[in-house]
Amino acid sequence: MLIATWNVNSLKARLERVTQWVNENQPDVLCMQETKMKDAVFPALTFAEMGYESAHFGQGQWNGVAIISKVGLTDVVTNFAEPIAPDHEARIISATCNGVKVVSVYVPNGRSLEDDHYKYKLEWMKKLKQHADAIAKPSGRLVIGGDFNIAPTDDDVWDVTKFEGATHVSAPEREAFADLCAWGLTDVFRQLHPEPKVFSWWDYRNGSFHKGEGMRIDFLLATKSLLGEVEASGIDRNARKGEKPSDHVPVTITLKNISTKLKK
DNA sequence: ATGGTGGCTGGGCCA
């Protein structure tokens with residue numbers, strides 16, 4: 001079972017790149033973020049023709065998250081699960097796909113350490129942990145995929161000295177991420193790939209991709225009970241090349257056994 | 001270089 005997460009930075013602008021990547025890689029489940037569209041224009045039919053069910057939680061101009069699956073998609077929850085106070089933006093959607101609880105998240109950026117958006121980000125991370133608790137037990141089969149807008153360690157940033165006083169690397173953000181993991185989640189890519197300076201995002205500006213100036217801020221976090229089934233994890237940096245790329249690339253994990261039963 | 005690029009939009013915000 002191949003699960004992927006990808007901040008597509010506008011599904012309208014990225015649809016051709018996304019369908020091409022899906023056709024080539026055939027993920028069983030893909031979490032998307034920043035679809036930047038209303039539910040009414042989400043291209044469900046396009047994905048259906050490719051064999052995928054889909055669920056989208058959009059708001060329009062900004063944010064928007066989705067899950068597409070070809071191994072079943074049930075129990076869809078938009079926004080945080082009850083009784084958590086709902087977010088005023090479309091940043092989280094959950095579903096069950098082939099016995100795995102899958103959550104697609106777009107964690108707030110934070111903007112700057114002084115900004116109210118930064119407090120909102122930290123609060124949002126607390127609520128994400130509550131959400132995990134509401135829909136699964138730490139012993140359960142849960143994967144949270146998404147753009148966390150947090151680089152957990154200095155190894156996840158090209159040059160941390162460029163980030164003094166900035167978001168994404170601050171101690172409170174990293175503590176919030178560590179707290180979420182301490183609930184019972186593992187950053188699967190990091191577990192399998194200890195090497196530093198492997199990134200999932202590069203700024204469009206300044207030729208950042210060409211210069212290797214990126215960050216690893218997109219993750220698939222899995223509960224312990226799934227770790228024994230993990231065969232592989234990857235970051236497809238090729239997706240940052242070519243015409244009209246997103247500034248993020250897909251992150252993937254492969255779980256053994258549990259999808260083949262559904263495929264004829 | 002107080003810049004740069006890209007995606008909303010339709011001027012300026014957001015990332």
Side-chain angles (χ1 to χ4, degrees), chain A residues 5-22 30-43 46 56-66 87-93 104-125 128 145-152 156-170 172-174 176-177 199-219 235-251:
Chain A
T5 184
W6 193 5
N7 180 326
V8 299
N9 185 19
S10 169
L11 186 54
K12 181 166 180 274
R14 213 67 59 213
L15 189 57
E16 194 174 331
R17 291 287 302 240
V18 171
T19 55
Q20 181 186 12
W21 190 89
V22 168
L30 171 62
C31 300
M32 286 179 274
Q33 300 85 36
E34 281 206 88
T35 59
K36 294 185 176 177
M37 55 177 51
K38 294 182 190 299
D39 292 335
V41 295
F42 180 80
T46 300
H56 181 244
F57 179 32
Q59 72 180 68
Q61 180 176 12
W62 289 307
N63 310 310
V65 285
D87 193 8
H88 63 289
E89 298 185 325
R91 295 179 174 276
I92 180 167
I93 189 169
S104 178
V105 301
Y106 176 45
V107 178
N109 174 287
R111 297 179 191 162
S112 76
L113 301 189
E114 301 77 29
D115 200 302
D116 282 346
H117 206 257
Y118 178 73
K119 293 178 198 148
Y120 167 54
K121 180 181 195 174
L122 295 177
E123 187 61 29
W124 206 94
M125 286 296 289
L128 179 56
D147 173 3
F148 286 75
N149 274 314
I150 297 171
D156 302 308
V157 182
W158 86 90
D159 180 357
V160 78
T161 66
K162 301 285 202 300
F163 283 81
E164 279 182 40
T167 59
H168 294 62
V169 303
S170 74
E173 286 165 272
R174 287 177 168 177
F177 185 80
F199 306 130
S200 66
W201 171 88
W202 299 261
D203 201 310
Y204 285 121
R205 298 167 286 186
N206 294 322
S208 298
F209 181 63
H210 179 68
K211 293 191 276 190
E213 297 181 348
M215 284 195 280
R216 194 175 70 93
I217 54 178
D218 301 88
F219 311 105
I235 297 182
D236 184 8
R237 75 184 294 282
N238 284 330
R240 188 64 174 77
K241 303 174 183 173
E243 292 293 310
K244 283 178 75 74
S246 171
D247 44 355
H248 297 252
V249 296
V251 179

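Every heavy atom of this structure was used, including side-chain atoms; hydrogens, water molecules and symmetry mates were not. Since the model is a prediction, treat every value here as computed from it, not as a measurement. Chain naming here is simple, since letters A, B, ... match the order of the sequence lines and numbering starts at 1 in each.
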Nearest-angstrom distance, C1' atom, B/dA1 to B/dG10: 28 Å
Distance in angstrom units between A/Glu243 CD and B/dT5 P, rounded: 16 Å
Contact under 4.0 Å: A/Arg14 side-chain N or O vs B/dG6 OP1/OP2: no
Partner set under salt bridge (charged side-chain N to carboxylate O under 4.0 Å, His left out) for A/Asp115, not counting sequence neighbours: none
Among A/His168, A/Met215, A/Met125, side-chain contact (heavy atoms from CB on, under 4.5 Å) partner for A/Ile150: A/Met125
ring-ring contact (aromatic ring centres under 6.0 Å, His included) involving A/Phe163 - partner list, sequence neighbours excluded: A/Trp158
Side chain to side chain contact (heavy atoms under 4.5 Å, CB included) partners of A/Ser10, counting only residues at least two apart: A/Lys12, A/Ala13, A/Lys36
A/Lys244 NZ to B/dG7 C1', straight-line distance once rounded to whole Å: 8 Å
Could you go over nucleotides 13-15 of chain B and give all protein N or O partners under 3.5 Å, atom names and distances?
from, atom 1, to, atom 2, distance (Å)
B/dA15, OP2, A/Arg111, NE, 2.7

ring-ring contact (aromatic ring centres under 6.0 Å, His included) partners for A/His210, two or more places apart: none
Test ring-ring contact (aromatic ring centres under 6.0 Å, His included) applied to A/Phe57 - qualifying residues, sequence neighbours left out: none
